[in-house]
Amino acid sequence: MKAYPLHLFHNREGCEIMIGDALSILRELSSETCRCCITSPPYWGLRDYGVPLDNQIGAESDVKDYVKNLSEIFIEVHRVLTPDGTLWLNLGDSYTSGNRTWRDTDKKNPARAMHYRPPTPEGLKPKDLIGVPWRVAFALQEAGWYLRSDIIWYKLNCQPESVKDRPTRAHEYVFLFSKAERYFYNHEAIKETANSHSHRNRRTVWQINTEAYKGAHFATFPPKLVEICLLAGSEEGDIVLDPFLGSGTVGEVCLKMNRKFIGIEIKQEYANLARERMEWGSL
């Protein structure tokens with residue numbers, strides 16, 4: 001990927017939003033500074049985020065290049081995390097395009113419109129589920145991360161689909177990775193209710209509704225999902241990293257829960273949105 005201009009966009013109370021591509025900025029960050037990383041990269045082949053395609057994660061013509069690009073980014077995240085740090089990675093899957101080269105506007109979801117579509121990956125067939133999240137998970141595992149858990153984010157209010165030859169997708173994955181065999185994980189902070197009298201260790205299926213954010217024309221993390229990851233993977237005062245900041249959900253939750261954060265975003269429009277969301281004022 002080509003180098004992309006980068007600069008510090010805003011700094012407040014130990015929190016930073018930086019403009020540029022994730023890999024370039026991560027290489028400038030000091031090692032072992034962040035306690036955890038919570039992020040949701042652009043999904044492969046599902047959105048056009050309006051930046052040059054050769055700099056746009058998710059716009060690769062080959063899914064193998066997408067996995068490679070993310071692996072390079074998360075190798076740097078591995079370096080930036082403290083020895084007991086964790087990575088909470090949200091990824092959704094996609095289907096082959098059947099070699100269609102574009103996608104029309106959807107009135108219910110304008111962000112679905114795309115002027116490019118990647119070709120069907122080698123070895124797959126039209127209508128195949130690609131398995132993107134697991135391809136990335138196995139690549140990170142091979143790169144040295146400990147793959148500790150696959151969590152199902154069950155979206156009760158998922159978007160309807162007009163398909164009649166498979167179930168409607170109502171879940172995405174959140175993978176928990178650790179940098180080392182022993183790591184910080186506060187299981188007490190995220191216990192769930194077992195019954196009216198007791199709590200239990202949190203299970204791997206989390207029912208959390210999606211939440212739209214005004215002004216964001218793309219999918220956003222629900223704050224509740226970020227909150228669980230934040231409570232489990234960090235303590236007050238820790239620095240939390242999101243290399244794909246988007247509209248700033250991770251930063252917003254960090255501020256509310258007395259964490260510091262570093263957010264990286266390639267598109268200035270989205271970084272502006274994150275600033276306003278966190279009441280830092282517009283540019």
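Quick caveat, the model's predicted, so the values are computed rather than measured. Numbers here are sequence positions counted from 1. Hydrogens, waters and symmetry mates are skipped; everything else that's a heavy atom, side chains included, is used.
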Next on the checklist: Within a 6.0 Å radius of atom NZ on Lys64, are there more than 12 heavy atoms belonging to other residues, nucleotides or ligands?
Outcome noted: no

Item to check | Atom pair CD (Glu72) and CD1 (Ile57), whose distance is rounded to the nearest 0.5 Å | outcome: 8.5 Å

Checklist entry - Okay, side chain of Arg135, backbone of Tyr66: is any donor-acceptor separation there less than 3.5 Å? => result no

Next on the checklist: Please find the pair of heavy atoms, one from Ser40 and one from Phe244, that lie closest to each other, and give the distance.
Outcome noted: O-CB, 3.9 Å

Next on the checklist: I'd like to know if the side chain of Arg202 and the backbone of Glu192 have a donor-acceptor N/O pair within less than 3.5 Å.
Outcome noted: no

Next on the checklist: How close do Ala194 and Arg200 get, counting heavy atoms only, and between which atoms?
Outcome noted: CB-CD, 3.9 Å

Item to check | Verdict with reasoning, Tyr154 to Asn209, per side-chain hydrogen bond (donor to acceptor under 3.5 Å, both in side chains) | outcome: CA-CA 8 Å; Tyr154 169 40; Asn209 282 354; over 6 Å; no

Checklist entry - So do Pro160 and Thr168 actually touch side chain to side chain, heavy atoms under 4.5 Å? => result no

Checklist entry - Looking at side-chain heavy atoms only, is the closest gap between Asn90 and Phe221 below 4.5 Å? => result yes

Checklist outcome for this item: The reported gap from CG in Leu89 to CG in Leu176 (rounded to nearest 0.5 angstrom) is 10.5 Å

Next on the checklist: Would the distance check show the side chain of Glu60 and the main-chain N or O of Asp62 forming a donor-acceptor pair, the cut-off being under 3.5 Å?
Outcome noted: no

Checklist entry - Is Glu227 paired with Lys256 through a side-chain N to carboxylate O contact shorter than 4.0 Å? => result no

Checklist entry - Is there side-chain contact between Val240 and Cys34, with heavy atoms separated by less than 4.5 Å? => result no

Checklist entry - Hey, are Asp165 and Lys127 close enough for a salt bridge, meaning a charged N less than 4.0 Å from a carboxylate O? => result yes

Checklist outcome for this item: Ala271 and Ile17 have their tightest heavy-atom pair at CB-CG2, 4.1 Å

Item to check | Spacing of Ile239 atom CD1 and Cys37 atom SG [to the nearest 0.5 Å] | outcome: 13.0 Å

Checklist entry - Can you find a heavy atom in the side chain of Arg169 that is under 4.5 Å from one in the side chain of Tyr95? => result yes

Checklist entry - Given the rule in the side-chain contact (heavy atoms from CB on, under 4.5 Å) test, do Arg259 and Leu230 qualify, once you have shown the distances and angles that lead to the verdict? => result CA-CA 9 Å; Arg259 272 71 166 173; Leu230 203 64; 4.0 Å; yes

Checklist entry - Going hydrophobic residue to hydrophobic residue with side-chain gaps under 4.5 angstrom, can you get from Ile73 over to Tyr173? => result yes

Next on the checklist: Would you compute the distance between atom CZ of Arg277 and atom OG of Ser247 and round it to the nearest 0.5 angstrom?
Outcome noted: 4.0 Å

Checklist entry - Passes side-chain contact (heavy atoms from CB on, under 4.5 Å), Ile228 versus Ile190? Steps please. => result CA-CA 6 Å; Ile228 297 172; Ile190 62 168; 3.9 Å; yes

Next on the checklist: As a quick check of understanding, evaluate side-chain contact (heavy atoms from CB on, under 4.5 Å) for Thr33 and Thr82, giving each step before the final call.
Outcome noted: CA-CA 6 Å; Thr33 55; Thr82 57; over 6 Å; no

Next on the checklist: Let me check something: do Val174 and Tyr185 share a hydrophobic cluster, defined by ILVMFWY side-chain heavy atoms less than 4.5 Å apart, either directly or through other members?
Outcome noted: yes

Item to check | Option from Trp88, Trp153, Trp134 for which ring pair (Phe, Tyr, Trp, His ring centres under 6.0 Å) with Phe175 holds | outcome: Trp134

Next on the checklist: Please check: side-chain N/O of Glu76 versus main-chain N/O of Leu23, any donor-acceptor pairing under 3.5 Å?
Outcome noted: no

Checklist entry - How close do Gly248 and Ala274 get, heavy atom to heavy atom, and via which atoms? => result CA-CB, 3.8 Å

Next on the checklist: Quick one, Ile264 and Leu26 - any side-chain contact, counting heavy atoms below 4.5 Å?
Outcome noted: yes

Checklist outcome for this item: For residues 147-157, the salt bridge (Lys or Arg N to Asp or Glu O under 4.0 Å) pairs (sequence neighbours left out) are Lys155-Glu172

Next on the checklist: Set out, in order, the CA-CA distance, both residues' side-chain angles and the distance that settles side-chain contact (heavy atoms from CB on, under 4.5 Å) for Ile151 and Trp206, then state yes or no.
Outcome noted: CA-CA 7 Å; Ile151 296 154; Trp206 301 355; 3.5 Å; yes

Checklist entry - Okay, side chain of Lys179, backbone of Leu81: is any donor-acceptor separation there less than 3.5 Å? => result yes

Checklist entry - What distance do Met18 atom CE and Leu29 atom CG have between them, rounded to the nearest 0.5 Å? => result 6.0 Å

Checklist entry - Thinking salt bridges, do Asp65 and Lys68 make one under a 4.0 Å N-O criterion? => result no

Checklist entry - Checking Trp145 side chain against Phe138 main chain: does a donor-acceptor pair fall under 3.5 Å? => result no

Next on the checklist: I'd like to know if the side chain of Thr193 reaches the main chain of Asn195, judged simply by a donor and an acceptor atom lying under 3.5 Å from each other, with no hydrogens or angles considered.
Outcome noted: no

Next on the checklist: For Thr249 versus Pro222, what's the shortest heavy-atom pair and its separation?
Outcome noted: CG2-C, 4.3 Å

Next on the checklist: By the salt bridge (Lys or Arg N to Asp or Glu O under 4.0 Å) test, which pairs, at least two apart or in different chains, include something from residues 235-251?
Outcome noted: Arg35-Glu235, Arg35-Asp238

Checklist outcome for this item: Residues passing the ring pair (Phe, Tyr, Trp, His ring centres under 6.0 Å) test with Tyr146, sequence neighbours excluded, are none

Next on the checklist: Are more than 12 heavy atoms, taken from residues, nucleotides or ligands other than Arg203, located less than 6.0 Å from that residue's CZ atom?
Outcome noted: yes

Checklist entry - Side-chain contact, heavy-atom cut-off 4.5 Å: Ile262 with Leu241? => result yes

Checklist entry - Can you name the closest pair of heavy atoms from Phe74 and Pro41 and give their distance? => result CZ-CG, 4.1 Å

Next on the checklist: Count I, L, V, M, F, W, Y as connected when their side-chain heavy atoms are under 4.5 Å apart, and connections chain through other members. Are Ile75 and Leu87 then in the same cluster?
Outcome noted: no

Checklist entry - Hey, is the main chain of Thr210 close enough, under 3.5 Å, to the side chain of Asn157 for a donor-acceptor pair? => result yes

Checklist entry - Is any side-chain heavy atom of Cys254 less than 4.5 Å from a side-chain heavy atom of Lys260? => result no

Item to check | Shared hydrophobic cluster, Phe184 / Val80 (ILVMFWY, side-chain heavy atoms < 4.5 Å) | outcome: no

Checklist entry - Heavy atoms, side chains only, cut-off 4.5 Å: are Ser61 and Pro119 in contact? => result yes

Next on the checklist: Please check: side-chain N/O of Thr96 versus main-chain N/O of Lys125, any donor-acceptor pairing under 3.5 Å?
Outcome noted: yes

Checklist entry - Judged by atom type as modelled, is there a donor-acceptor pair below 3.5 Å linking the side chain of Arg27 to the main-chain atoms of Ile25? => result no

Checklist entry - Just how far is it from atom OG of Ser94 to atom CG of Asp128, taken to the nearest 0.5 Å? => result 11.0 Å

